[in-house]
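Here it is: the structure, laid out below.
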Amino acid sequence: MISNSLKDLIKKLPLPYKAVALRYCFEKPACPHFDDEKKAFCAYVNYAQVTGKRFYIAKDDDQCYGKVSMGMIPKPPVTASGQAGYDFGCYASPAACRNLYQKLPVIEPGTVNYVEFCPVELCDFDPDLIMFVADLPAADIIMRATSWISGDFWESKSSPVLSCAWMYAYPVITGKVNHITTGFYHGLKRRKLYPEGLRMIAVPYQKLPEFEKALAEMDWTLIAFRDDEESKKDLAKRMEYWQQMAASYGGTCSLKKE
């Protein structure tokens with residue numbers, strides 16, 4: 001179960017939208033079914049953010065292809081041929097778009113029959129991933145927390161269409177955090193769910209213990225970006241120590257302006 005500590009830490013982040021926990025279920029979840037107008041998969045995340053409601057969907061509730069990346073349905077042959085991506089103008093040829101479907105991350109077919117969406121503040125289960133939509137400085141804090149302990153590189157893997165596969169399937173399959181920028185992706189942009197230029201960050205369950213520990217321990221504002229005199233003096237001492245380290249082997253260190 002997601003800890004109260006992590007909930008409290010996430011609550012402190014200056015987020016423009018609520019963080020949302022997603023759970024991929026074989027059996028029907030013990031929460032209300034979404035009974036309003038059917039939406040695309042990504043729009044359900046936005047709905048949970050805006051309304052603060054907890055709910056689940058099944059494959060027939062998804063009007064787009066999130067259900068493909070969830071393994072709920074096979075890849076439809078016509079779109080998998082690349083024709084749709086070509087006709088939308090996202091690719092130069094059907095073959096170029098078909099390449100996406102040949103490499104598309106898909107959760108093991110038949111293992112996800114329902115997807116539960118829940119604002120993190122209400123979450124009482126172990127999520128498969130947590131989705132953040134953030135601007136600065138929250139996006140910076142979140143991304144640093146994903147690598148502060150492990151040293152993992154920040155990678156963004158996506159495609160012009162079916163960005164849902166890279167945000168909701170790929171992180172869970174690989175255990176890697178993924179992030180994209182709103183305004184680049186066909187479905188998200190058509191639905192006008194978010195302003196352009198925000199960061200969508202998916203943190204999978206494999207990274208959540210590290211993520212929580214990092215948020216609790218690391219400085220949210222790095223020392224070089226603080227204006228108080230104590231921090232400036234502390235940084236100066238640290239930088240002076242670099243010179244001492246360098247002098248010990250006959251060298252110098254010139255990182256003062258970096």
Side-chain angles (χ1 to χ4, degrees), residues 1-24 42 45-46 48-49 52 105 116-158 163-185 188 194-228 230-231 234-235 238 255 258:
M1 182 182 299
I2 189 171
S3 70
N4 287 329
S5 171
L6 181 53
K7 289 182 183 180
D8 290 341
L9 288 163
I10 290 174
K11 188 176 182 179
K12 293 178 182 178
L13 289 166
L15 295 169
Y17 296 89
K18 293 178 182 291
V20 174
L22 286 81
R23 178 164 58 166
Y24 305 154
C42 56
V45 176
N46 180 260
Q49 292 171 323
E116 183 172 358
F117 301 83
C118 180
V120 164
E121 60 195 32
L122 302 178
C123 182
D124 60 1
F125 54 80
D126 289 319
D128 286 274
L129 62 79
I130 294 178
M131 175 60 63
F132 297 92
V133 178
D135 51 7
L136 296 172
D140 169 68
I141 296 167
I142 293 166
M143 290 304 299
R144 284 196 290 112
T146 68
S147 62
W148 191 69
I149 293 171
S150 64
D152 285 351
F153 292 111
W154 297 351
E155 299 176 350
S156 178
K157 199 173 184 76
S158 55
S163 61
C164 52
W166 302 104
M167 294 306 291
Y168 303 107
Y170 175 77
V172 172
I173 293 169
T174 63
K176 294 181 178 181
V177 173
N178 201 17
H179 60 105
I180 62 175
T181 303
T182 58
F184 278 93
Y185 304 95
L188 278 171
Y194 305 104
E196 296 179 358
L198 298 180
R199 301 303 293 174
M200 296 185 70
I201 307 169
V203 182
Y205 70 92
Q206 297 96 321
K207 292 287 287 185
L208 288 177
E210 173 190 338
F211 181 68
E212 178 179 353
K213 183 175 175 63
L215 282 179
E217 296 179 356
M218 75 181 199
D219 292 326
W220 285 23
T221 301
L222 296 176
I223 191 169
F225 303 122
R226 298 180 211 149
D227 293 325
D228 64 282
E230 184 178 352
S231 293
D234 188 7
L235 180 57
R238 298 182 191 187
L255 295 176
E258 295 193 7

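In this text the structure is predicted, and so the values were computed from the model without any measurement. Position 1 is the first residue of the sequence; numbering continues from there.
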*What closest approach, in Å, do Val120 and Ala21 show between heavy atoms, and which atom pair accounts for it?*
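Looking at all heavy atoms of both residues, the closest pair is CG2-N, 3.9 Å.
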*Is there a side-chain contact between Leu208 and Ile130, using heavy atoms and a 4.5 Å cut-off?*
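With C-beta onward as the side chain, the pair touches.
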*Output all residues satisfying side-chain hydrogen bond (donor to acceptor under 3.5 Å, both in side chains) with Glu217, sequence neighbours left out; order by chain, then residue number.*
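side-chain hydrogen bond (donor to acceptor under 3.5 Å, both in side chains) list for Glu217, sorted by chain: Lys213.
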*Which residue pairs pass the salt bridge (Lys or Arg N to Asp or Glu O under 4.0 Å) test when at least one of the two sits in residues 136-146, sequence neighbours left out?*
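Qualifying pairs, neighbours excluded: Asp140-Arg144.
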*Report the C-alpha separation of Trp220 and Lys12 in whole Å, then their side-chain angles, then the decisive distance to 0.1 Å, and conclude whether the side chain to side chain contact (heavy atoms under 4.5 Å, CB included) test is met.*
CA-CA 11 Å; Trp220 285 23; Lys12 293 178 182 178; 3.8 Å; yes
_Set of residues satisfying side chain to side chain contact (heavy atoms under 4.5 Å, CB included) with respect to Glu121, sequence neighbours excluded_ =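 With sequence neighbours excluded, Glu121 shows a side chain to side chain contact (heavy atoms under 4.5 Å, CB included) to Lys18, Pro119, given in chain and number order.
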_Please list all pairs meeting salt bridge (Lys or Arg N to Asp or Glu O under 4.0 Å) that have one or both residues in residues 164-173, counting only residues at least two apart or in different chains._
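Passing the test, one end in residues 164-173: no pairs.
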*Are the side chain of Trp148 and the backbone of Met218 linked by a donor-acceptor contact shorter than 3.5 Å?*
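No; judged by distance alone, with no hydrogens or angles, the pair does not exist.
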*So do the side chains of Leu198 and Tyr17 get within less than 4.5 Å of each other, counting heavy atoms only?*
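With C-beta onward as the side chain, the pair touches.
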_Side chains of Val45 and Val133, heavy atoms from C-beta outward: is any pair under 4.5 Å?_
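No, too far: nothing below the 4.5 Å cut-off.
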_Nearest-0.5 Å distance, CZ of residue Arg23 to SG of residue Cys123_ =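 Result: 7.5 Å between the selected atoms.
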*Can you sort out the partners of Asp227 under side-chain hydrogen bond (donor to acceptor under 3.5 Å, both in side chains), two or more places apart, ordered by chain and number?*
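None.
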_Asp234 versus Ser231, side-chain donor and acceptor atoms under 3.5 Å_ =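 Side-chain D/A pair, Ser231 to Asp234: absent.
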*asked:* How close do Ala19 and Ile10 get, counting heavy atoms only, and between which atoms?
replied: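 Between these two residues, the closest heavy atoms are CB-CG2, 3.8 Å.
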_Validation row: Val177, Asp152 side chains within 4.5 angstrom (heavy atoms)_ =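 When only atoms from C-beta onward are counted, Asp152 and Val177 do not touch, as no gap falls below 4.5 Å.
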*Rounded distance (nearest 0.5 Å) linking atom OG of Ser156 with atom CH2 of Trp166*: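 Answer for the OG-CH2 pair, Ser156 versus Trp166, is 10.5 Å.
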*Side chains of Leu215 and Ile141: does their closest heavy-atom pair fall under 4.5 Å?*
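When only atoms from C-beta onward are counted, Ile141 and Leu215 do touch, with a gap below 4.5 Å.
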_Partner set under salt bridge (Lys or Arg N to Asp or Glu O under 4.0 Å) for Glu230, not counting sequence neighbours_ =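 Not a single residue meets the salt bridge (Lys or Arg N to Asp or Glu O under 4.0 Å) criterion with Glu230.
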*With a 4.5 Å heavy-atom cut-off, do Leu188 and Met200 have their side chains touching?*
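In short, these two side chains touch, coming nearer than 4.5 Å.
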*How long is the gap from CZ on Phe117 to CG on Leu122, to the nearest 0.5 Å?*
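Between atom CZ of Phe117 and atom CG of Leu122 there are 15.0 Å.
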_Expected output: side-chain Ser147 to main-chain Phe153 donor-acceptor under 3.5 Å_ =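 No, Ser147 side chain to Phe153 backbone: no donor-acceptor pair under 3.5 Å.
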*Determine the interplanar angle of the Phe132 and Phe211 rings, folded into 0 to 90°, and report it as parallel if under 30°, tilted if 30 to 60°, perpendicular if over 60°.*
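Aromatic pair Phe132/Phe211 classed tilted.
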*Run the side chain to side chain contact (heavy atoms under 4.5 Å, CB included) check on Tyr185 and Cys42 step by step: do they pass?*
CA-CA 11 Å; Tyr185 304 95; Cys42 56; over 6 Å; no
_Could you walk me through whether Asp128 and Leu22 satisfy the side chain to side chain contact (heavy atoms under 4.5 Å, CB included) test, starting with their C-alpha distance in whole Å, then the side-chain angles of each, then the deciding distance to 0.1 Å, before giving a yes or no?_
CA-CA 6 Å; Asp128 286 274; Leu22 286 81; 5.6 Å; no
*Is any NZ, NE, NH1 or NH2 atom of the basic residue among Asp219 and Arg226 found under 4.0 Å from an Asp or Glu carboxylate oxygen of the other?*
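Arg226 and Asp219: salt-bridged.
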*Under the 3.5 angstrom rule, does the side chain of His179 hit a backbone N or O of Ala202 as a donor-acceptor pair?*
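Checking the backbone N and O of Ala202 against the side chain of His179, no donor-acceptor pair under 3.5 Å is found.
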_If the condition is side-chain hydrogen bond (donor to acceptor under 3.5 Å, both in side chains), which residues does Ser3 pass it with, not counting sequence neighbours?_
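Counting only residues at least two positions away or on another chain, Ser3 forms a side-chain hydrogen bond (donor to acceptor under 3.5 Å, both in side chains) with Glu212.
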*With side chains defined as the heavy atoms from C-beta onward, is the minimum distance between Tyr194 and Gln49 less than 4.5 Å?*
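With C-beta onward as the side chain, the pair touches.
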*Quick one: list whatever passes salt bridge (Lys or Arg N to Asp or Glu O under 4.0 Å) with Lys7, sequence neighbours left out.*
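Testing Lys7 for salt bridge (Lys or Arg N to Asp or Glu O under 4.0 Å), a comparison that skips the adjacent residues, returns none.
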_Distance-minimising heavy-atom pair for Pro195 and Thr182_ =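 Distance-wise, the nearest heavy atoms are O-OG1, 2.6 Å.
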*asked:* Using the salt bridge (Lys or Arg N to Asp or Glu O under 4.0 Å) criterion, which residues pair with Asp126? Sequence neighbours excluded.
replied: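 For Asp126, no residue satisfies salt bridge (Lys or Arg N to Asp or Glu O under 4.0 Å) once neighbours in sequence are set aside.
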*Any Ile2 side-chain heavy atom under 4.5 Å of Pro127 side chain*: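 A side-chain contact under 4.5 Å exists here.
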_Under the ring pair (Phe, Tyr, Trp, His ring centres under 6.0 Å) test, residues paired with Tyr24 that sit two or more places apart_ =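 Tyr24 satisfies ring pair (Phe, Tyr, Trp, His ring centres under 6.0 Å) with no other residue.
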*Find the distance between CG (Asn4) and NZ (Lys11) and round it off to the nearest 0.5 Å.*
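Answer for the CG-NZ pair, Asn4 versus Lys11, is 11.0 Å.
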*List for me each residue that meets salt bridge (Lys or Arg N to Asp or Glu O under 4.0 Å) alongside Glu210, sequence neighbours excluded, and say none if there are none.*
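Salt bridge (Lys or Arg N to Asp or Glu O under 4.0 Å) list for Glu210, sorted by chain: Lys207.
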*Side chain of Asn178, backbone of Met167: donor and acceptor closer than 3.5 Å?*
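No.
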*For side chain to side chain contact (heavy atoms under 4.5 Å, CB included), just list the numbers for Cys118 and Val20, CA-CA rounded to whole Å, side-chain angles, deciding distance to a tenth of an Å, and then say yes or no.*
CA-CA 6 Å; Cys118 180; Val20 174; 5.8 Å; no
*Distance, nearest 0.5 Å, that separates CE of Met143 from CD1 of Ile201*: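 If we round to the nearest 0.5 Å, Met143:CE and Ile201:CD1 are 5.5 Å apart.
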*Which residues share a side-chain hydrogen bond (donor to acceptor under 3.5 Å, both in side chains) with Tyr170, sequence neighbours left out*: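 Applying side-chain hydrogen bond (donor to acceptor under 3.5 Å, both in side chains) to Tyr170 gives none.
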*asked:* For Phe125, is the CZ atom crowded, meaning more than 12 foreign heavy atoms sit under 6.0 Å from it?
replied: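 More than 12 within 6.0 Å, yes.
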